[in-house]
Amino acid sequence: MNEIPFIDLRSQFKALEPEIRRRIDQVLEHGQYIMGPQVAELEARLASFAGAKHCITVASGTEALLIALMGLGIARGDEVITTPFTFAASAEVIVLLGATPVFVDIEPDTCNIDVSRIEAKITSRTKAIMPVSLYGQPADMDEINAIAARHGGISVIEDAAQSFGATYKRRRSCNISTVGCTSFFPSKPLGCYGDGGAIFTNEDRLAKAFREIRIHGQRERYEHVRVGVGGRMDTLQCAVVLAKLERFTWELSRRADLGHLYNEAMDSIGIRRVTQRPDRNSVFAQYTIMVKHRAALREALSRQGVPTAVHYPTPLNRQAPYKEYCCGDCTPVADCVAREVLSLPMSPDLADSDVSRIAAAIQGSAY
Ligand SMILES: Cc1ncc(COP(=O)(O)O)c(C=O)c1O
């Protein structure tokens with residue numbers, strides 16, 4: 001039995017091959033591998049897509065979060081509220097700057113930060129709230145922005161590494177808070193062929209800071225006005241993302257269709273799944289279900305050519321580098337969800353019949 005790809009980058013490449021090769025060739029011809037014209041071209045295209053005033057491309061999603069925090073002046077002694085149920089980068093950048101991640105538990109159905117628990121964690125040291133738009137679906141950003149506004153001086157950074165192209169109340173992910181950060185890691189909804197990322201904001205002052213920090217704190221060449229990083233995105237990777245934009249709108253609608261097809265299939269066989277709220281459109285970076293006998297189901301599916309993944313097996317506050325920021329039994333929902341989540345194959349080139357085959361394999365496995 002042929003194996004369904006977990007993420008099908010090959011079919012996507014085949015569909016876009018002439019455009020990808022044309023775009024890469026352009027860069028090879030002009031040879032400006034760092035900060036070539038494709039960088040500004042991509043930033044303009046992405047800013048327009050997100051409806052944001054500024055887009056600053058950077059070396060990765062992790063770098064986007066780091067630069068965003070640096071530009072906001074987050075430093076030692078500050079606290080940043082975030083979710084424990086995310087990829088390590090979300091908390092890593094906070095700790096790297098000497099600040100403290102404050103973990104707030106998640107909702108059991110969306111797996112996003114539980115907004116009703118945020119306010120209790122705010123102190124005089126809270127400088128930012130960093131929700132993660134997990135699996136491609138934004139958290140309740142209006143509510144988070146309102147909490148931040150009530151407490152004055154708190155910024156909201158959307159970790160939108162998994163959600164470029166999603167919407168929240170008709171606004172684009174990456175443009176629904178002070179700052180939005182995304183990733184172009186190859187398997188993300190909009191991916192390049194290596195590492196890449198971008199920061200979005202409507203504030204001129206922040207955009208200027210992010211641009212300076214991205215390039216060693218330089219304002220002019222060899223004039224360093226602040227401490228920065230080597231955080232630029234390569235011209236070649238920008239060219240790849242430009243090519244991928246050619247069919248991104250189609251990919252988004254295909255992801256939505258597949259997500260709904262999966263929902264119907266899971267509901268009909270009685271499998272619990274991550275819920276999508278009616279006021280937002282997920283990009284289904286992952287399609288994730290929740291099952292009690294996960295290991296056995298994974299094995300059964302693998303035997304039938306259905307690869308799976310676990311995002312994430314352990315909440316960050318249970319992992320060695322972040323344990324010290326945990327307050328005992330403070331994230332019971334994340335602890336429970338981490339034992340049950342299972343991501344199924346998802347990418348725009350998945351066929352409807354693949355979804356049926358996966359559902360039948362789950363049903364036949366009797367878990
Ligand atoms: C939620 C989240 N934040 C941050 C990152 C980091 O992005 P990158 O791998 O591009 O550094 C990822 C990537 O997996 C992610 O999923």
Side-chain angles (χ1 to χ4, degrees), residues 6-7 9 42 46 55-70 80-97 101 103-104 106 110-113 128-139 141 144 156-166 168 173-174 176-177 179-200 210 214 229-234 236-238 240-241 244 274 282-288 309-317 319 321-322 334 337-338 341 343 346-347:
F6 187 71
I7 290 178
L9 291 177
L42 179 63
L46 295 178
C55 168
I56 299 101
T57 55
V58 292
S60 67
T62 308
E63 208 73 15
L65 294 171
L66 182 69
I67 294 172
L69 290 174
M70 289 172 77
V80 179
I81 291 176
T82 191
T83 161
F85 198 59
T86 175
F87 181 61
S90 316
E92 194 172 50
V93 290
I94 301 168
V95 175
L96 272 173
L97 293 175
F103 295 112
V104 166
I106 57 170
T110 65
C111 303
N112 274 331
I113 193 166
I129 306 172
M130 190 202 283
V132 175
S133 300
L134 197 76
Y135 306 141
Q137 174 176 224
M141 297 300 286
I144 295 172
V156 179
I157 303 160
E158 182 196 8
D159 180 344
Q162 303 178 7
S163 64
F164 192 75
Y168 172 85
S173 174
C174 288
I176 42 181
S177 56
V179 182
C181 296
T182 199
S183 162
F184 303 125
F185 187 82
S187 60
K188 297 291 193 250
L190 182 61
C192 57
Y193 289 157
D195 278 309
I199 313 175
F200 297 80
F210 299 153
R214 166 177 74 173
V229 295
R232 297 159 300 213
M233 182 166 164
D234 300 348
L236 276 169
Q237 298 303 343
C238 290
V240 171
V241 176
K244 294 235 192 152
V274 169
S282 175
V283 276
F284 294 102
Q286 312 295 343
Y287 188 86
T288 305
V310 175
H311 306 102
Y312 297 90
T314 313
L316 292 185
N317 55 327
Q319 304 253 16
Y322 309 106
V337 162
V341 284
S343 299
M346 183 65 175
S347 45

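Counting begins at 1 with the first residue of the sequence. Order of listing sets the numbers, starting from 1, for every ligand and every atom in it.
Between Phe87 and Tyr312, the ring planes are tilted. Angles from 30° to 60° get that label.
Between Lys188 and ligand 1, at least one N/O pair is under 3.5 Å apart. Close N/O approach between Thr86 and ligand 1 is not found [any backbone or side-chain N/O within under 3.5 Å]. Close N/O approach between Ala161 and ligand 1 is not found [any backbone or side-chain N/O within under 3.5 Å].
Nearest heavy-atom pair across Ile176 and Ser173 is CD1-CA, 4.0 Å.
Remark: among candidates Asp159, Thr83, Thr182, the nearest residue to atom 3 (N) of ligand 1 is Asp159, based on non-hydrogen atoms. Of all the listed residues (Met130, Glu92, Gln162), Gln162 holds the heavy atom that lies closest to atom 16 (O) of ligand 1.
Given atom 11 (O) of ligand 1, the protein heavy atom at minimum distance is Thr62 OG1, 2.5 Å.
The closest approach between any non-hydrogen atom of Phe85 and ligand 1 is not below 4.0 Å.
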Using the side-chain contact (heavy atoms from CB on, under 4.5 Å) rule, take Thr62 and Val93 through it: C-alpha gap first, then chi angles, then the decisive distance, then the call. CA-CA 7 Å; Thr62 308; Val93 290; 3.9 Å; yes

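The closest donor-acceptor contact from the side chain of Asp195 to the backbone of Phe184 lies at 3.5 Å or more, if one exists at all. Asn112 contributes a side-chain N or O that, together with a main-chain N or O of Gln137, makes up a donor-acceptor pair within less than 3.5 Å.
By the criterion of a heavy-atom distance under 4.0 Å, neither the backbone nor the side chain of Glu63 is placed next to ligand 1.
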